[in-house]
Amino acid sequence: MSKDLFALLLRLYPSSFREEYGDEYLRLLRDRARDETGIWRSVRLGFDLVVDLIISLPREYRLAKAVPKRSTAVPSGVPMFFSIDDASPGRGSLLFGAVVSLITLMSFPTLANHFGNLEPPHGWSEVQAGRYEEGGSDRRASSSGLQQATATAKPATAPEADNTKTQAGDPALDSATRHRIVTNLIASLKQHYDDPAVAERAAAKLLSHEQKGDYNGVASAADFAQRLTSDLWQATDDNDLEMVFTRRTIPDRPRNPIPPPPPAYAAEMQRLNCTFEKVELLPHNIGYVKLNSFPHPSVCQKAATEALAKVNNADTLIFDLRDNRGGFPDMVKLIASYLFDHPEYLYSPIDNTTKDSWTNSPVVGSNLMHKPVFVLTSSHTISAAEEFTFNLKMLKRATIIGETTAGGAHAASLHPIGDNLYLGTVDVRPINPYSKHDWNQIGIDPDVKVSAAEALNKAVELAERNKNK
Amino acid sequence: MAKQKLSPLPAAAFQILLALVGEDLHGYAIMRAVAEQTGGRMRLGPGTLYGSVRVLLEEKLIEEVEGPKESKTERRRYYRLSPAGRKLVRAEAERLADLLRVARTKKVLRGDYV
């Protein structure tokens, strides 16, 4: 009989027995197996062992249960736990515990819905947040300390408002308040909406809803904002209109132009080399520009022209926008100007102005007008970086390599109408010369889809292949 | 205490105590002694043997002692009968002797049994 079998037999016994007599048990088996050889004796030994198991196993388990395990020597300095109660909990207790846990778990969603009002208002679902992605991106950018200026330049936006809403709680409404809100909303709409006729139509619709008593059941400002948003959408067929509830005070910003960046921005840009992280010539004369934002030209024009001068004689140009979190359309225009031999219209829904949006091409001295251009994107590429990417793609001026971009286009303004409510409008609707929807919410699909990490290698590979042709 | 676990005294426990009357023995030696004194009828398996040894130790009927240093690598545990154990063996033997006397008077046994 093998040692393994003996060890297996030993494992059948309770741990207290194994600890105390495990070695002895095995030694006795070995001794007997050594002494009792021959077929007859071996069979007898096997029989003995079976009988031994039948007799001793139940007894050992009975004793192990009845006799509290002797506390083995506690190694000094080692924390140990001993269970005082030796018996396991009864079946009834276990069942009771299971039922209580289940009920508690199941009641969480109900309680949270009831008291926490955690459900986002219907107007600010995931998809809608994309509409104001500007805000989301700016929040991310400013947290990295990179684009303070852009953050201040853009209006306060939905995702933040939504956050504060859920935290702030929600005042109750009476009919007088509701009337005041509707009146103020209509006034604001007429003042700010770009199509007066549509504003009139929406106003009439809202009034008729109110007169019919459609709003009587709405008790909270957040719910009311949600309800008004959906009514506005129905009346105007414009999903860019929003009603926002937030406790935070958001100043009514004057319309444009984008204010000049603060001095701190200039200092930060100086420190970051205007976010031109890398400007270099790769092997095979490939110009590589890694740009992490589109900084304001008032601060960074020199840096940008220097960067482009450095790669001016490259045969191929790669713009790495994988970590680019956006910035100023003016810089998009400045850089794009180098890439054309005649002025091109740049579609720029980010810019809050209606000023002309043509490149200043041709740029004197630029050798890049006819060189192949690759743009590297990631799922974080957003805003002004998307504007750059979108226009070069639409103009068939660049090959886009990487991931679908984040999808943030429109700038929005929030106009206060009192009672912590704001009317959100898209101020400017620039002409989109492409019959295609712009990148808002959906992002820009690359021409060559690879993971962001592989994008550079892919671009270099394609550039070299181009050259060899 | 002894009454709870060892009353009546199991046959194996009695045989082990009996085996330890003359000398201190280790586990395997106990097993062989028991087999010998029962004419090979009782061959203790390790589970039964050490289960019984443990109970006897707990009841202080036997005690563990240092055995002779026979080997450096293998150190066997030896067991010795305690005074209480000796008393119990005698009591049990007397009980069996009484039993035997009754059986003899009733002519249950034939032949020249003591």
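Lettering of chains follows the sequences in order, A, B, ..., and the numbering in each one begins at 1.
The two residues B/P46 and A/Y25 make their nearest non-hydrogen contact at CB-CD1, 3.4 Å. The two residues B/T48 and A/R59 have their closest heavy-atom pair at O-NH2, 3.4 Å. Nearest heavy-atom pair across B/L44 and A/L28 is O-CD2, 4.4 Å.
Sparse packing is recorded around CG of A/D23, with 12 or fewer heavy atoms of other residues, nucleotides or ligands lying under 6.0 Å away. Atom CZ of A/R34 has more than 12 heavy atoms from other residues, nucleotides or ligands within 6.0 Å. By the 6.0 Å contact criterion, CD1 on A/I39 is open, its count of non-hydrogen atoms from other residues, nucleotides or ligands being 12 or less.
Distance alone, capped at 3.5 Å, is enough to place a donor-acceptor pair between the A/D52 side chain and the B/G47 backbone.
Highest contact tally toward chain B, considering only A/L57, A/D35, A/V51, is held by A/D35 [criterion: heavy-atom pairs under 4.5 Å].
Proximity to chain B is limited to the side chain of A/Y13, based on heavy atoms less than 4.5 angstrom apart.
Atom OH of B/Y28 and atom CZ of A/R32 lie 7.5 Å apart (nearest 0.5 Å).
Inter-residue side-chain proximity for B/R54 and A/E60 is flagged as met; some heavy-atom pair is nearer than 4.5 Å.
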Assess the residue pair B/V53 and A/Y21 against the criterion (side-chain contact (heavy atoms from CB on, under 4.5 Å)); give the C-alpha distance rounded to whole Å, side-chain angles, the decisive distance to 0.1 Å, and a yes or no. CA-CA 10 Å; B/V53 162; A/Y21 295 108; 4.2 Å; yes
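Between A/E24 and B/R76 there is no salt bridge, since none of the side-chain N atoms of the basic residue sits less than 4.0 Å from a carboxylate O of the acidic one.
Residues of residues 29-41 of chain B that come within less than 4.5 angstrom of chain A, heavy atom to heavy atom, are B/M31, B/R32 in numerical order.
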